[in-house]
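Below is one structure, written out as structure tokens; comments come after it.
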Amino acid sequence: MSDLLVAGGQVLRPDLTVERADVLVDRESGDIADVVDPGTVDAAETLDASDGLVIPGLGNAHTHVAMTLLRGYADDKPLDAWLQEDIWPVEAELTADDIEAGAELGIVEMIRSGTTAFSDMYFHVDRIADAVDRAGVRAVLGHTAVTVGKDDEAARADLQQSIDVAKQLDGAADGRVSTTFQPHSLTTVGEAYLREFVPKAREAGLPIHFHANETENEVDPIVDEHGARPLEYADDLDLLGEDTYVAHGVHVDEAEIDLLADTGTGVAHCPASNMKLASGMAPVQRLRDAGVTVGIGTDGAASNNDLDAFDEVRDAAMIGKLVADDAGAVPAEAVVEMVTRGSADLLDLDGGRVEAGANADLAVVDLEAAHLTPAHDPVSHLAYAVRGSDVRHTVCDGEVLMRDRGVLPLDEAAVRERASEHARDLIARAEGDA
Ligand SMILES: N[C@@H](CCSC[C@H]1O[C@@H](n2cnc3c(=O)[nH]cnc32)[C@H](O)[C@@H]1O)C(=O)O
Ligand SMILES: [Zn+2]
């Protein structure tokens, strides 16, 4: 057997206890073969986890990975103005090459910070899949359809493309890519189009991902026009269900929370983006109490401004307390569970846990650091003190993607340089200087 042993460290178990153990990985199947007592087995290749904590690779349940090119380009505006005045004009100039360069940069950033799977919404998705293929991570991809501002033909073509891309790319990158049908949001895709295309997506068996209840400005027009809350409207359109997860879910009332729970619809919670755009804050404790599956997402790097899931976890725990007015709300265990099992559930992955039979998607966090001393409680550290830069090794599908902080499948310096060039030329085109 072609095996890999992650040896000498402590291991975070599915019940969030920590024990000294070695993790044996079957590289052929890409699964965890076993979690064994320290020093009891040998393997062809070893990854040194001493003074480290072996955790499941983290799941970023909502992002726009190629938006790394727009990191720091437009800050300090609310969602509508930010999208309409800054982001969409620049995105109109994005080429497929730009998107691939931005995706590589974002994936390198995620590998460095222990994220092994992400859910993405964008376009030129085949090129994002190429980057995923080369980098060795997992991704749930899709072409995001918008109909506002488009003529009927272009609008229908965009939605059809969302279905076609989801069918074509499912299973790409040796099965590490899966897909979703993606209407951008309930206000940027018109009702007639949703009534026509959601049944087609359902018929094709496609999971669905869209932005929902992100800002008040998005809720009010729906209530005015349809006489229903956004998620009631979404339910009427057959958009909710076990294989649907929405991004944000900030402005949800009690009936909508019950609807999410009853239909099995998940929520990708994106606290940093919600804070930065002053969108509001999702009632995470109430969602969890109702039994809704909540994962953690960074959203794009232009509204965050990084793709570090540890940062997001800390934000989720902090803001979850503020919004609940309760320091006991959204405790450390909850956010660690959300970024591992929660995100894995939304992405429909057999991972998010270090256990025999699960995907061999792992990160090893270095505990030898001043800001992680003393180590009273590793789960507390994961929630409140670990940074992405504390990740020493990253493994996905049984392959080592980062060893001793060196990214292996991609040349990090070249990726950064290429992304910088694409970003510079993109902005020059968008601002009319090129
Ligand atoms: N703009 C394209 C396709 C949309 S891709 C997904 C879009 O989501 C946008 N986006 C990024 N973050 C957010 C967010 O928080 N809420 C809503 N949209 C966002 C992103 O900039 C991108 O335009 C078109 O007109 O067809
Ligand atoms: Zn988004």
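We count residues from 1, following the sequence as given. Keep in mind it's a predicted model, so treat the numbers as computed, not measured.
Counting non-hydrogen atoms of other residues, nucleotides and ligands closer than 6.0 Å to CZ of Arg202 gives a total above 12. Other residues, nucleotides and ligands contribute more than 12 heavy atoms inside 6.0 Å of the CG atom of Asp15. Atom CG of Asp126 has more than 12 neighbouring heavy atoms from other residues, nucleotides or ligands inside a 6.0 Å radius. Counting non-hydrogen atoms of neighbouring residues, nucleotides and ligands closer than 6.0 angstrom, the CD atom of Glu417 reaches no more than 12 such neighbours. Within 6.0 Å of atom NZ in Lys167, 12 or fewer heavy atoms from other residues, nucleotides or ligands are found, so the atom counts as exposed in its surroundings. Other residues, nucleotides and ligands contribute over 12 non-hydrogen atoms within 6.0 Å of the CG atom of Asp350.
Side-chain contact between Leu186 and Val189 is absent, with no heavy-atom pair separated by less than 4.5 Å. Under the 4.5 Å side-chain criterion, counting only non-hydrogen atoms from C-beta, Thr40 is not in contact with Asp22. The shortest side-chain heavy-atom distance between Glu104 and Val65 does not fall under the 4.5 Å cut-off. Residues Val395 and Asp361 are not in side-chain contact: their nearest non-hydrogen atoms beyond the backbone lie 4.5 Å or more apart. Proximity of Leu12 to Pro56: side-chain heavy atoms (C-beta onward) are separated by under 4.5 Å at one or more points. Within the 4.5 Å cutoff, side-chain heavy atoms of Val364 are placed close to those of Val6. Asp326 is not listed as a side-chain neighbour of Lys321, based on a closest heavy-atom distance of 4.5 Å or more. No side-chain heavy atom of Asp80 sits under 4.5 Å from any side-chain heavy atom of Leu83.
Nearest approach of Pro183 to Phe210, heavy atoms of both residues: O-CB, 2.9 Å. When all heavy atoms of Lys276 and Ala302 are compared, the closest pair comes out as NZ-O, 3.1 Å. For Glu368 against Asp51, the heavy-atom pair with the smallest separation is CG-CB, 3.3 Å. Nearest heavy atoms, Ala117 versus Leu349: CB-CD1, 3.5 Å. The two residues Pro409 and Ala135 have their closest heavy-atom pair at CG-O, 3.2 Å. Residue Asp170 comes nearest to Ser178 through the heavy atom pair OD1-CA, 3.4 Å, listed as atom of the first residue, atom of the second, then distance.
For the residue pair Thr298 / Asn60, a side-chain donor-acceptor distance below 3.5 Å is found, with atom types taken as modelled. Between the side chains of Thr144 and Gln182, at least one donor N or O sits under 3.5 Å from an acceptor N or O. Under 3.5 Å, the side chains of Asp164 and Gln168 contain no donor-acceptor pair of N or O atoms. In summary, the side chains of Thr265 and Thr263 do present a donor paired with an acceptor at a separation below 3.5 Å, with no hydrogens or angles considered. With hydrogens and angles left out, the side-chain atoms of Asp26 and Ser29 include a donor and acceptor closer than 3.5 Å.
Ion pairing of Asp97 with Arg127 is present here, as a side-chain N (NZ or NE/NH1/NH2) and a carboxylate O approach within less than 4.0 Å. For the pair Arg176 and Asp133, the salt-bridge criterion is met [side-chain N within less than 4.0 Å of a carboxylate O]. The pair Asp98-Arg429 counts as a salt bridge, with a side-chain nitrogen and a carboxylate oxygen less than 4.0 angstrom apart. Between Asp3 and Arg27, no side-chain nitrogen of the basic residue sits less than 4.0 Å from a carboxylate oxygen of the acidic one, so the salt-bridge criterion is not met. For the pair Glu85 and Lys77, the salt-bridge criterion is met [side-chain N within less than 4.0 Å of a carboxylate O].
Between His209 and Tyr245, the gap from one ring centroid to the other is short of 6.0 Å.
Side-chain N or O atoms of Asp308 include one that pairs as donor or acceptor with a backbone N or O of Gly388 at under 3.5 Å. Looking at Arg341, its side chain never comes within 3.5 Å of a backbone N or O of Gly352 through a donor-acceptor pair. Without hydrogens or angle criteria, Asp411 side chain to Ala413 main chain gives a donor-acceptor distance under 3.5 Å. The closest donor-acceptor contact from the side chain of Ser162 to the backbone of His143 lies under 3.5 Å. A donor-acceptor pair is defined here as one N or O able to donate and one able to accept, closer than 3.5 Å; no such pair exists between the side chain of Gln10 and the backbone of Leu53.
Taking the six-membered ring where the residue is Trp, His211 and His64 present parallel rings, their angle staying beneath 30° rather than reaching 60°.
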Quiz item: What's the verdict on salt bridge (Lys or Arg N to Asp or Glu O under 4.0 Å) for Arg134 and Glu100, showing C-alpha distance, side-chain angles and the deciding distance?
Solution: CA-CA 11 Å; Arg134 278 198 300 283; Glu100 185 166 329; 2.6 Å; yes
Practice problem: Would you check, one step at a time, whether the test salt bridge (Lys or Arg N to Asp or Glu O under 4.0 Å) holds for Glu109 with Arg71? | Solution: CA-CA 12 Å; Glu109 187 183 353; Arg71 190 197 319 269; 3.0 Å; yes
Exercise. Please lay out, stage by stage, how Arg405 and Asp366 fare under the test side chain to side chain contact (heavy atoms under 4.5 Å, CB included).
Key: CA-CA 10 Å; Arg405 295 187 168 76; Asp366 220 327; 3.3 Å; yes
Practice problem: Check step by step if salt bridge (Lys or Arg N to Asp or Glu O under 4.0 Å) holds for Glu355 and Arg13. | Solution: CA-CA 7 Å; Glu355 187 176 50; Arg13 302 311 310 265; 5.5 Å; no
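Each of Asp299, Val267, Asn213 was compared with His248 under the side-chain contact (heavy atoms from CB on, under 4.5 Å) criterion, and only Asp299 meets it.
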